[in-house]
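Below is one structure, written out as structure tokens, with a few remarks after it.
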Amino acid sequence: MSDNSANFTLAPVARLESDYPDKFGIPRQPGLASAARGRLVMLPPFDDPLALRGLEGFSHLWLTFIFHQSPDQTSERWSPLVRPPRLGGNAKIGVFASRSTHRPNRLGLSLVELVAVHTRPEVYLELRGHDLVNDTPVVDIKPYLPWADTRPDARTGFAPTAPACHPVEFSADAEAQLAKRRDRDSLRELIEQVLAQDPRPAYRKGQESRRYGVRLRDLDVRFQAIVDPRHGLVMRVFELVSLSRS
Ligand code: SAH
């Protein structure tokens, strides 16, 4: 459809089946949790294998997607300033100087790893390292070109380096629960990478006795932030609870 009006309509080309059932805890950029696995299932009429021909030669992709769980900001309700978690959730900066999920048009952009292209019987891409919640609508897919898309010397404003990581430890109970799982190795890696980011909301930091749950795969991973005299802030997993039971 040609669209010469001021507005455009986007139809999702695919939907992501993600290791993250819930927004809470998802790392704030892709690649911070390389163990996250996803299936990007192509939607009709874009589930034509021809549309993916040649993609298998690329190791990484750009996904353009809709932050469908963020409010749809109409011209009346949009806010020019946001509070990035990176600045402790207090300082405000311009929405277009941020990667905030609360933005006009709700478009997200993530660089993800392409593990495999599947075309039979279902047409889907096997991905790793994404930062998207389950069911996110993806509106475009493009191959990543390092010679065009990488600028190691770029200036990076208020986000100069990746956020600091914290050590993660497991209680004996959590270890025993992990040991029973077929996906124990990739699950352990995912839990470690996600909790290393200290996903607690900025306003809760300092309330160290509080317990939290992060949903990963089919589990609620219960953890606490502990101040350790030698290692500083440590994330301690004390229990893995099945989501179907919680
Ligand atoms: N790399 C993307 C996303 C950065 S924000 C970009 O720069 O555009 C990452 C956060 O988006 C995650 O921590 C998660 O909480 C949130 N998120 C992921 N999928 C979402 C969705 N479909 N709707 C709303 N928020 C989402």
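Both ligands and their constituent atoms are indexed starting at 1 by order of listing. All values derive from a computational prediction rather than experimental measurement.
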Check each atom of ligand 1 against the heavy atoms of [X] and keep those under 4.0 Å away; list them by number with element.
X    : result
G108 : 8 (O)
R99  : 4 (C), 5 (S), 6 (C), 7 (O)
L132 : 18 (C), 19 (N)

Closest protein heavy atom (residue, atom, distance) for [atom]:
atom                    : answer
atom 14 (C) of ligand 1 : I26 CB, 3.8 Å
atom 8 (O) of ligand 1  : L109 N, 2.9 Å
atom 3 (C) of ligand 1  : D131 OD2, 3.4 Å
atom 16 (C) of ligand 1 : T101 CG2, 3.7 Å
atom 25 (N) of ligand 1 : K23 CD, 3.4 Å
atom 24 (C) of ligand 1 : S70 OG, 3.4 Å
atom 19 (N) of ligand 1 : V133 N, 3.2 Å
atom 23 (N) of ligand 1 : Q69 N, 3.0 Å

Show me the donor-acceptor pairs within less than 3.5 Å that the side chains of residues 32-52 make with the rest of the protein, sequence neighbours left out.
| from | atom 1 | to | atom 2 | distance (Å) |
| --- | --- | --- | --- | --- |
| S34 | OG | Q193 | NE2 | 3.1 |
| R39 | NE | E17 | OE1 | 2.8 |
| R39 | NH2 | E122 | OE1 | 2.8 |
| D48 | OD1 | L50 | N | 2.8 |

Check your understanding: If Ile, Leu, Val, Met, Phe, Trp and Tyr residues are connected whenever their side-chain heavy atoms lie under 4.5 Å apart, and connections chain through other members, are Y20 and V138 in the same group?
Key ->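 No, Y20 and V138 fall in different hydrophobic clusters.
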
Check your understanding: Going only through I, L, V, M, F, W and Y residues with side-chain contacts under 4.5 Å, is there a path from V112 to L216?
Key ->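 No, because V112 and L216 fall into different hydrophobic clusters, even though each may have its own neighbours under 4.5 Å.
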
Practice item. Under 4.0 Å, heavy atoms only, figure out whether ligand 1 is touched by the backbone of R106, its side chain, both or neither. Key: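 Looking at R106 and ligand 1, no heavy atom falls under 4.0 Å.
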
Exercise for review: Measure I66 to ligand 1 on non-hydrogen atoms and call it side chain, backbone, both or neither using the 4.0 Å cut-off.
Suggested key: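 The part of I66 near ligand 1 is the backbone, not the side chain.
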
Review point. If we only count N/O pairs under 3.5 Å, is P30 in contact with ligand 1?
Key: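 No, there is no polar N/O contact under 3.5 Å.
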
Review point. Does D131 come within less than 4.0 Å of R28, counting only side-chain N to carboxylate O?
Key: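 Not counted as a salt bridge, because no side-chain N and carboxylate O are separated by less than 4.0 Å.
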
Check your understanding: Between R151 and D153, is there a salt bridge with N-O shorter than 4.0 Å?
Key ->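 Looking at R151 together with D153, the answer is no, because their closest N to O distance does not fall below 4.0 Å.
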
Point to revise | Q73-H102 side chain donor-acceptor pair, cut-off 3.5 Å | key: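 On atom types as modelled, these side chains do not qualify, holding no pair under 3.5 Å.
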
Review point. Got a donor-acceptor contact below 3.5 angstrom from the D220 side chain to the L243 backbone?
Key: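 Checking the backbone N and O of L243 against the side chain of D220, no donor-acceptor pair under 3.5 Å is found.
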
Check your understanding: Aromatic rings Y144 and W62: how do their planes relate, parallel, tilted or perpendicular, breaks at 30° and 60°?
Key ->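 Y144 vs W62 ring planes: perpendicular.
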
Review point. Any side-chain heavy atom of S98 sitting closer than 4.5 Å to one from R103?
Key: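 Yes, side chains in contact.
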
Review point. Any non-hydrogen atom of P27 lying under 4.0 Å from ligand 1?
Key: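 P27 counts as a contact of ligand 1 under the 4.0 Å cut-off.
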
Distance-only donor-acceptor hits, side chain of residues 64-71, under 3.5 Å, sequence neighbours excluded:
| from | atom 1 | to | atom 2 | distance (Å) |
| --- | --- | --- | --- | --- |
| S70 | OG | T101 | O | 3.1 |

